[in-house]
Protein chains: 2
Amino acid sequence: MTSSLHHRAIDNLGTRIISGVLPAGHVMLAEQLEDELKVSRSVIREAVRVLQSLGLVETTKRVGIRVLPASRWNPFDAQVIRWRLASDARGAQLRSLAELRAAVEPAAAELAAQNAPAALRMELVDVARAMREAGNNGEVARFLELDIRFHSLLLSGSGNEMFANLMGQVAETLTGRTVHGLMPDHPHQAALQWHEDVAEAIARGDAVSARAASDRIMRRTMSQMADTWTEQPRVFIPVRQ
Amino acid sequence: MTSSLHHRAIDNLGTRIISGVLPAGHVMLAEQLEDELKVSRSVIREAVRVLQSLGLVETTKRVGIRVLPASRWNPFDAQVIRWRLASDARGAQLRSLAELRAAVEPAAAELAAQNAPAALRMELVDVARAMREAGNNGEVARFLELDIRFHSLLLSGSGNEMFANLMGQVAETLTGRTVHGLMPDHPHQAALQWHEDVAEAIARGDAVSARAASDRIMRRTMSQMADTWTEQPRVFIPVRQ
DNA sequence: AGTTATTGATGTCTGCACACATCGGTGTCA
DNA sequence: TGACACCGATGTGTGCAGACATCAATAACT
């Protein structure tokens, strides 16, 4: 299960590294981790190997297990994102995800207008119309469900597996926004209209209009959230020489 | 080193899974992999744990190690990308990366104009000017080097670690384009000008112009490459219910 | 200063006990 | 007779313990 010793060891170490409790440069010994987590060597070793593949640690003979700086972490890994969302860097992570989404969704809309399967285009139109209904009726939970489905269909319909992979993060973002009460009970008519515009443009294969409408949604979303993360420190990843 | 038994086991299995030699649904046994790769159980177990975290396999008691479909692979993992570039799906992977880059770079330019450190802005201008010089003189190798640095600085300067993480992939893309002779010895003047436009807009904090100029570069790049991957099959990732 | 020996950590291998999902047999009931 | 629920055998991953191999940082030596 997800609560095997292996997964618990990964989560324990990953949480402590990303939260900063175990800072970059900190060196640990496998043996020390064994009695700290009360597990055997194989559990520690398998966990360390996974953390290594995520860029969280590196192992050196004669030295031990060294924690790597944040610039080495794989920022696209779902688990890394989850750990960051649970840390002090939550705001910065949300901003990064929002910026990525704002960049990707209009491109995905353009591609979906060119490539999406017919069934997906039709469902997109249906979902956009259902969103208006749920939004006008103040059905918050149903609106969230439809909103997630709309944006998932959009990303999936792009035919770009990297775009599609962002479905999970988008769903978490939208859910978080609703749970934290940042969504009005009755979404703005303009936003509802733009969703329908995107769906209909994709349905008729109008890539330019699809991108434009999606871009409007994203710009509005970004400007709404901008003040949430004012003054979140930015992490600049150095350019390797 | 990277040629430890552990890494070789990961590479062996990863290559075979992503190339399709080991198809989705195929079930392997840890013991069988031991004598197939002539390594011990611990090596196999640690390798399988890593492949599991990449979404390439899942393990089930009483069943074995099952290969997962491509829709479960982590498309952002550098190793997965490398394996795909070495497989039949090379064209599709290059297209996905190009589409992602086309979506991200203009957004990165916009953010860099707002957030980049002063030193980075100045270097960006210098690099853009050096690119023109190297391009006009037909110094292909130097131009490639500067091109990589320019786009790396841009992504880094955005202050978004996800954007910055694409530096490696962009470098590989640009290098591949040059190595495969898809780049003219003397880059077009318009492209050189747009690079300077991006740099200068970022230098003066003009986010709108920076995005517009970057967008022109990306649109040109995409239209140049579009015919390279015509008829590459697209992978549609299903929306989870 | 350069070279060699030591040492201590990860890397690799192996045998064992345990947990538990699957499968097939058995018994019960309609 | 047939369908179904139960239950134990089986096989596989999971976790553990101990050993030796390997290699690089450091110390010792020339």
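Since this is a predicted model, take the numbers as computed values, not measurements. Quick note on labels: first sequence line is chain A, next is B, and so on, each numbered from 1.
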Legend entry - Donor-acceptor pair between B:Asp147 and B:His151 side chains, under 3.5 angstrom: yes
Legend entry - Atom-to-atom span, CD1 of A:Ile44 to C1' of C:dT10 - whole angstrom: 14 Å
Legend entry - salt bridge (charged side-chain N to carboxylate O under 4.0 Å, His left out) evaluation trace for B:Glu36 with B:Arg16: CA-CA 13 Å; B:Glu36 192 177 320; B:Arg16 285 196 286 165; 2.7 Å; yes
Inset, instruction - Give a yes/no answer on whether the side chain of A:Ser40 brings an N or O atom under 4.0 Å of OP1 or OP2 in D:dC16. - result: yes
Inset, instruction - Would you mind reading off the distance between A:Leu33 atom CG and C:dT10 atom P, rounded to a whole angstrom? - result: 9 Å
Legend entry - d(CZ, B:Arg45; C1', C:dG11) in whole Å: 15 Å
Inset, instruction - Assign each of A:Lys38 and A:Val63 to its nearest nucleotide of DNA chain D by heavy atoms, then name whichever residue's nucleotide is nearer the 5' end. - result: A:Lys38
Legend entry - B:Leu29 side chain, from C-beta outward: closest of C:dT10, D:dG15, D:dT12: D:dT12
Legend entry - Main-chain N/O of B:Leu68 paired with B:Trp73 side-chain donor or acceptor, under 3.5 Å: yes
Legend entry - Rounded distance in Å - CD (B:Gln52) to C1' (D:dT14): 11 Å
Legend entry - Donor/acceptor link under 3.5 angstrom from A:Arg62 side chain onto base of C:dT7: yes
Legend entry - Distance-only donor-acceptor test (3.5 Å): side chain A:Arg41, base C:dT10: no
Legend entry - Salt-bridge present (A:Arg234, A:Glu99; N to O < 4.0 Å): yes
Legend entry - Separation of atom CE in B:Met28 from atom P in D:dT12, rounded to whole Å: 14 Å
Inset, instruction - Would you check if the side chain of B:Ser156 reaches a backbone N or O of A:Ile237 as a donor-acceptor pair within less than 3.5 Å? - result: yes
Legend entry - Along DNA chain D (nearest heavy atom to each residue), the more 5'-positioned of A:Val39 and A:Lys61: A:Val39
Legend entry - Rounded interatomic separation in angstrom, taking CG from B:Leu5 and P from D:dC20: 20 Å
Inset, instruction - Could you state the atom-to-atom distance from CD of B:Glu34 to P of D:dT12 in whole Å? - result: 12 Å
Inset, instruction - Determine the contact category for A:Arg49: base if any of its heavy atoms lies under 4.0 Å from a base atom, sugar-phosphate if only primed atoms, P, OP1 or OP2 are that close, otherwise nothing. - result: sugar-phosphate
Inset, instruction - Check whether any side-chain N or O of B:Thr59 sits under 4.0 Å from OP1 or OP2 of D:dT14, and answer yes or no. - result: yes
Legend entry - Nearest to side-chain heavy atoms of B:Ser42, which nucleotide of D:dC16, D:dG13, C:dT14: C:dT14
Legend entry - Residue closer to the 5' end of DNA chain C, B:Glu46 versus B:Thr60 (nearest nucleotide): B:Glu46
Legend entry - Spacing between A:Glu58 atom CD and D:dA25 atom P, to the nearest angstrom: 11 Å
